[in-house]
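To start, the structure under review is shown below, and the notes come after it.
Every heavy atom of this structure was used, including side-chain atoms; hydrogens, water molecules and symmetry mates were not.
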Amino acid sequence: MYKISTLNKISPVGLNELTKNYEITNNIDEAAAIIVRSQDMKSMDFSDNLLCIARAGIGVNNIPSDACAERGIVVFNTPGANANAVKEMVVGGMLMASRNLVAASNWASSLDKDIANQVEKGKSKFKGQELRGKTLGVIGLGSIGGLVANAGVALNMKVKGYDAYLSVKNALHLSKHAVVLDQLEYMLPICDFVSVHVHANDETNGMINADVIKKMKDGVVLLNYSRASIVDAQALKDALESGKISKYVTDFPNDEIKNLPNVIRTPHLGASTDEAEDNCADMAVTEMMDYIENGNITNSVNFPAVDMGKCRAVSRIALLHKNVPNMIGKITGNISELNISDMTNRSRSGYAYTLLDLDSPVTQEALNHLKAIDGVIRVRLIKG
């Protein structure tokens with residue numbers, strides 16, 4: 001029986017996928033897996049029982065992924081599961097900005113008498129612009145950014161995109177009417193709207209800085225549905241005060257932008273739909289169970305993807321280890337008396353993962369030899 005712990009409220013649609021081999025526990029120390037949404041886990045201590053953490057969502061900046069890799073804890077996320085929900089928020093953000101909907105709604109709500117007449121007299125000060133014919137620039141064309149680009153095309157906008165790491169898969173999902181540029185500086189001067197969809201990390205934090213903003217079109221609307229850290233707060237303040245940025249639409253309010261003008265703030269609602277929460281929970285549980293039961297890794301942020309299907313061998317051994325020379329030779333040399341029927345090894349940066357299917361049972365002594373290899377982080381006998 002595998003113990004599973006949940007942080008935050010996890011959709012029952014996902015938890016209902018758990019088979020009789022799993023049970024929910026409130027004791028994190030005995031859990032083999034943790035399913036989490038947004039709770040900050042960076043200061044948590046993890047027990048040796050923990051095999052994996054499944055993030056029901058895309059962003060993992062609340063999880064110490066590097067530290068988990070050092071401990072042999074696989075961290076999963078669920079790319080694409082909430083993409084449609086965030087895309088719809090971006091479209092809503094563009095509409096709020098272009099049609100002055102927030103200010104107009106606040107003004108209309110403040111009227112207390114002769115409302116109909118006041119509405120007709122005062123509505124002109126909220127006149128906006130249509131999205132049709134405007135140019136939308138999308139930075140980051142992954143699961144969410146690709147849908148945003150395609151939505152822009154559907155709204156009859158001119159869509160430009162930039163992604164330094166555009167995959168073939170994501171490129172194939174883009175509308176043929178979305179133009180992908182190979183330099184960000186080519187895109188910025190021509191866009192009426194710029195929407196940012198990149199992961200928050202050391203490379204992207206502060207990427208929307210003073211130099212980048214300077215290259216944008218005067219009066220641009222900037223939308224940030226990635227993370228607050230992507231946009232440099234001081235550069236944003238200066239650009240809003242000068243009018244370089246006419247409106248900033250963000251799902252991540254914080255103290256740094258509390259008093260800035262022309263900011264439309266929503267309280268991290270991007271993935272807050274019933275459908276997105278169900279999809280994320282379902283994908284997180286599926287990834288977690290496949291790893292625990294079969295050793296397969298899908299959508300991990302700290303270890304490579306490996307899939308050898310359902311375990312049908314007599315024994316299957318999973319090894320998380322450092323990506324160093326001669327590791328495979330050491331691993332196979334330590335079980336040379338056993339016949340390996342299938343094997344997969346993949347690496348990602350400084351870490352690697354090896355799955356071995358064997359035609360015979362594996363002794364504890366053999367496992368101990370594997371664990372003793374320098375650079376091996378975790379050894380797990382999945383079946384045998």
Side-chain angles (χ1 to χ4, degrees), residues 57-59 77-99 128-201 203-204 207-208 212-213 215-227 230-231 245-251 270-271 273 275-276 279-280 283 298-299 301 305:
I58 184 67
N77 66 351
T78 57
N82 60 13
N84 184 72
V86 179
K87 175 208 73 178
E88 291 184 2
M89 279 290 290
V90 175
V91 173
M94 288 194 293
L95 289 169
M96 285 191 290
S98 63
R99 300 300 297 273
Q129 295 181 322
E130 297 181 16
L131 298 180
R132 180 186 179 94
K134 301 301 185 298
T135 300
L136 167 64
V138 182
I139 302 175
L141 296 167
S143 300
I144 296 171
L147 288 183
V148 170
N150 291 346
V153 170
L155 289 165
N156 293 305
M157 302 180 78
K158 301 170 186 175
V159 177
K160 313 296 180 184
Y162 170 77
D163 192 323
Y165 306 102
L166 180 61
S167 69
V168 173
K169 177 183 177 182
N170 289 332
L172 290 173
H173 289 150
L174 277 178
S175 166
K176 64 180 181 180
H177 299 293
V179 178
V180 180
L181 302 176
D182 57 7
Q183 295 291 331
L184 183 58
E185 61 186 23
Y186 299 158
M187 185 181 84
L188 297 176
I190 60 176
C191 293
D192 303 291
F193 297 83
V194 173
S195 191
V196 186
H197 301 283
V198 298
H199 297 299
N201 53 42
E203 182 181 355
T204 61
M207 70 173 291
I208 307 301
V212 170
I213 292 173
K215 296 172 184 174
M216 293 181 183
K217 187 175 183 178
D218 290 347
V220 67
V221 174
L222 177 63
L223 301 105
N224 179 8
Y225 285 85
S226 291
R227 283 295 184 269
I230 302 296
V231 179
I245 294 176
S246 63
K247 288 187 177 68
Y248 177 57
V249 187
T250 182
D251 211 20
T273 67
E275 295 86 351
N279 292 340
C280 288
M283 186 182 291
T298 306
N299 296 325
V301 300

**OP:** Give the minimum heavy-atom separation between Ser98 and Leu131, together with the two atoms involved.
**Re:** OG-CD2, 3.6 Å
Subject >> Donor-acceptor under 3.5 Å (Ser226 side chain, Val198 main chain) >> reply: yes
Original post:
What's the shortest heavy-atom distance between Val221 and Ala97, and which atoms?
Top reply: CG1-CB, 3.8 Å
Subject >> Side chain Asn170, main chain Leu166, donor-acceptor under 3.5 Å >> reply: no
Original post:
How long is the gap from NE2 on His199 to CZ on Arg227, to the nearest 0.5 Å?
Top reply: 10.0 Å
**OP:** Supply the atom-to-atom distance Met89 CE to Asn82 CG, rounded to the nearest 0.5 angstrom.
**Re:** 12.0 Å
**OP:** Test Tyr248 against Val231 for side chain to side chain contact (heavy atoms under 4.5 Å, CB included), laying out the working first.
**Re:** CA-CA 10 Å; Tyr248 177 57; Val231 179; 3.7 Å; yes
**OP:** Kindly give the heavy-atom pair with the smallest separation between Ala271 and Ala85, and that separation in Å.
**Re:** CA-CB, 4.3 Å
**OP:** Mind checking the NZ-CE spacing from Lys134 to Met94? Nearest 0.5 Å is all I need.
**Re:** 12.0 Å
Subject >> Heavy-atom closest contact (Thr78 atom, Ile58 atom, distance) >> reply: OG1-N, 4.4 Å
**OP:** List the steps and the verdict of side chain to side chain contact (heavy atoms under 4.5 Å, CB included) for Thr273 and Glu88.
**Re:** CA-CA 11 Å; Thr273 67; Glu88 291 184 2; 5.9 Å; no
Original post:
When you look at Thr250 and Leu222, which way does the side chain to side chain contact (heavy atoms under 4.5 Å, CB included) test go after all the steps?
Top reply: CA-CA 8 Å; Thr250 182; Leu222 177 63; over 6 Å; no
Original post:
Just by distance, do the side chain of Asp192 and the backbone of Thr135 share a donor-acceptor pair under 3.5 Å?
Top reply: yes
Subject >> Asp182: partners by salt bridge (Lys or Arg N to Asp or Glu O under 4.0 Å), with sequence neighbours left out >> reply: none
**OP:** Identify the two heavy atoms, one from Leu141 and one from Asp163, that lie closest to each other, and give their separation to 0.1 Å.
**Re:** N-OD2, 2.8 Å
**OP:** Identify the two heavy atoms, one from Met283 and one from Ala81, that lie closest to each other, and give their separation to 0.1 Å.
**Re:** CE-CB, 4.1 Å
Original post:
When rounded to the nearest 0.5 angstrom, what distance separates CG in Leu155 from CG in Leu136?
Top reply: 9.0 Å
**OP:** Output the distance between atom OG (Ser246) and atom NZ (Lys217), rounded to the nearest 0.5 Å.
**Re:** 10.5 Å
Original post:
Is a donor on one side and an acceptor on the other found under 3.5 Å between the side chain of Asn150 and the backbone of His173?
Top reply: yes
Original post:
How long is the span from the CD1 atom in Ile139 to the OH atom in Tyr162, to the nearest 0.5 Å?
Top reply: 9.0 Å
Original post:
In this structure, are over 12 heavy atoms from other groups packed under 6.0 Å from Glu130 atom CD?
Top reply: no
**OP:** Please lay out, stage by stage, how Met216 and Ile208 fare under the test side chain to side chain contact (heavy atoms under 4.5 Å, CB included).
**Re:** CA-CA 10 Å; Met216 293 181 183; Ile208 307 301; 4.0 Å; yes
